[in-house]
Number of protein chains: 2
Amino acid sequence: MTKERMVNRIIGAGLKNTKYRVNIIEMLSKTDELVSAQEIYNRLLKKSIFINLSTVYRTLDILVDNKILNRVTIEGEKQSFYEYNRDIHHHFLICRGCNKIIPIYDCPLEDYEQKLKSESGFVITGHRVEFYGYCDECRKNLI
Amino acid sequence: MTKERMVNRIIGAGLKNTKYRVNIIEMLSKTDELVSAQEIYNRLLKKSIFINLSTVYRTLDILVDNKILNRVTIEGEKQSFYEYNRDIHHHFLICRGCNKIIPIYDCPLEDYEQKLKSESGFVITGHRVEFYGYCDECRKNLI
DNA sequence: ACGCAAATGCAAATCATTTGCATCTAAATT
DNA sequence: AATTTAGATGCAAATGATTTGCATTTGCGT
């Protein structure tokens with residue numbers, strides 16, 4: 001993604017265009033990893049970008065509110081993770097061996113949600129799915 | 001569940017039979033709600049059971065390790081919740097209006113896991129599914 | 001360039017949870 | 001039944017992720 005498009009997303013949301021917002025969006029838009037606030041801070045530091053950790057948190061909050069990023073929580077992890085919002089519905093496959101997190105762009109629940117709606121009276125607005133297990137490499141080391 | 005059976009589960013896990021362990025199992029086995037550590041503390045206090053909050057946490061950890069309870073985390077909530085483990089695979093339907101959490105004893109993912117395994121090489125050991133939305137009553141108040 | 005609302009830095013607060021250590025208790029042993 | 005001891009508990013303090021108050025700085029419309 002071009003820096004110009006990042007700036008457009010920031011301004012389009014009615015936010016001020018600041019260097020740190022661009023830095024954070026830039027970093028996350030270049031990976032499909034889930035990254036924690038502390039890890040974002042660390043990676044920026046490595047590039048000599050001296051942002052305060054509380055600014056990282058505030059920036060993440062605002063970018064999540066404006067749907068530029070997604071906040072993701074993982075079972076058993078106390079910190080939150082962030083990803084660039086590509087507006088593609090997806091879930092995660094999480095390796096309990098190496099903690100690798102792999103997005104899956106295929107959703108098994110679309111039909112099921114309809115059924116649930118008619119049975120429960122709930123209006124379903126979203127869902128979360130995570131699969132846990134061991135990836136190919138870690139499986140080999142399990143024995 | 002009888003108190004005797006609770007004690008058996010405790011002893012069967014190789015743990016000492018203490019009043020607080022029984023108190024916590026008893027409370028959770030009588031509801032299908034998800035209850036937080038602090039809420040467990042509050043409910044016991046209301047029954048004049050004076051347990052220390054750190055004992056609540058330690059007891060929950062041990063009972064989860066021994067599969068007598070389940071620890072559940074909910075997207076967007078920072079604390080953990082606990083339920084009595086009835087060994088019945090289930091998921092949750094969470095109302096964003098009133099925060100009610102309803103278990104669903106019907107799983108849409110069994111077939112899908114097989115597919116995922118063959119496509120990704122992952123050995124799947126578990127999954128988590130949550131549905132978010134608005135229950136009948138809250139939906140009426142949304143307008 | 002000027003002014004103001006929004007963004008940032010810094011330190012301290014908060015909230016859920018964990019830990020160290022002294023004391024107590026369940027239950028195994030004598 | 002008294003003794004022993006590993007494990008359980010209480011209490012206060014520590015921890016880790018996140019949030020907040022307030023002073024200062026910056027983006028951007030005028």
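Side-chain atoms are counted along with the backbone in the values below, which use heavy atoms only and exclude waters and symmetry mates.
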Taking the side chain of B/S54 as heavy atoms from C-beta outward, which of C/dA7, D/dG21, C/dT18 is closest to it?
C/dT18
Whole angstrom is fine here: how far is it from CD1 in B/I62 over to P in C/dT19?
12 Å
Does a side-chain N-to-carboxylate-O contact under 4.0 Å join A/R139 and A/D136?
yes
Among residues 32-51 of chain B, which ones have heavy-atom contacts with DNA chain D below 4.0 Å?
B/F50, B/I51
Is B/R43 paired with B/E33 through a side-chain N to carboxylate O contact shorter than 4.0 Å?
yes
Does CZ in B/R5 sit with more than 12 non-hydrogen atoms of other residues, nucleotides or ligands closer than 6.0 Å?
no
Taking 4.0 angstrom as the limit, do A/K100 and A/E137 come out as a salt bridge?
yes
Say you draw a straight line from CG of B/N70 to CG of B/N85; how long is it, rounded to the nearest 0.5 Å?
4.0 Å
Heavy-atom pair with the smallest gap, counting every atom of A/Y82 and A/L28:
O-CD2, 3.8 Å
Measure across B/M6 and B/V22 and return the closest heavy-atom pair with its distance rounded to 0.1 Å.
SD-O, 4.1 Å
Classify the ring geometry of B/H127 against B/H89: parallel below 30°, tilted from 30° to 60°, perpendicular beyond 60°.
perpendicular
Atom CG of B/L63 and atom C1' of D/dG7: how far apart are they, to the nearest Å?
14 Å
To the nearest 0.5 Å, what is the distance between CD1 (A/I94) and CG (A/L34)?
8.0 Å
Look at all strands and tell whether B/R21 reaches a base, only sugar-phosphate, or nothing, counting heavy atoms closer than 4.0 Å.
sugar-phosphate
Between the main-chain N or O of B/K16 and the side-chain N or O of B/R21, is there a donor-acceptor pair closer than 3.5 Å?
yes
Listing time: all N or O pairs from protein to nucleotides 26-30 of chain C that are below 3.5 Å?
from: C/dA27; atom 1: OP1; to: B/N17; atom 2: N; distance (Å): 2.9

Looking at D/dA8, I'd like to know if its phosphate oxygens (OP1 or OP2) sit under 4.0 Å from a side-chain N or O belonging to B/T55.
no
Please determine whether any donor N or O and acceptor N or O are separated by less than 3.5 Å between the side chain of B/R58 and the base of D/dG10.
yes
First of A/T59 and A/K78 reached from the 5' end of DNA chain C, by closest nucleotide:
A/T59
CG of B/D61 versus P of D/dT9: gap in Å, rounded?
12 Å
Does D/dC11 have OP1 or OP2 sitting under 4.0 Å from an N or O in the side chain of B/N52?
yes
Tell me the interatomic distance from A/Y20, atom OH, to D/dT25, atom P, rounded to whole angstroms.
13 Å
From OH of A/Y57 over to C1' of C/dA7, roughly how many Å is that when rounded to an integer?
19 Å
So do A/L116 and A/F122 actually touch side chain to side chain, heavy atoms under 4.5 Å?
no
What's the closest nucleotide to the side chain of A/L53 if the choices are D/dC11, C/dA7, D/dT18?
D/dT18
Expressed in angstrom and rounded to an integer, what is the separation of B/Q79 atom CD from D/dT18 atom P?
15 Å
Atom-pair distance (CG on B/N23; P on D/dT9), nearest Å:
10 Å
Measure from CD1 on A/I24 to C1' on C/dA7 and round the result to the nearest Å.
12 Å
Residues, nucleotides or ligands: over 12 heavy atoms within 6.0 Å of B/E119 CD:
yes
Using the C1' atoms of the five pairs at each end, what is the angle between the end axes of the helix from C/dA1-D/dT30 to C/dT30-D/dA1, to 10°?
30°
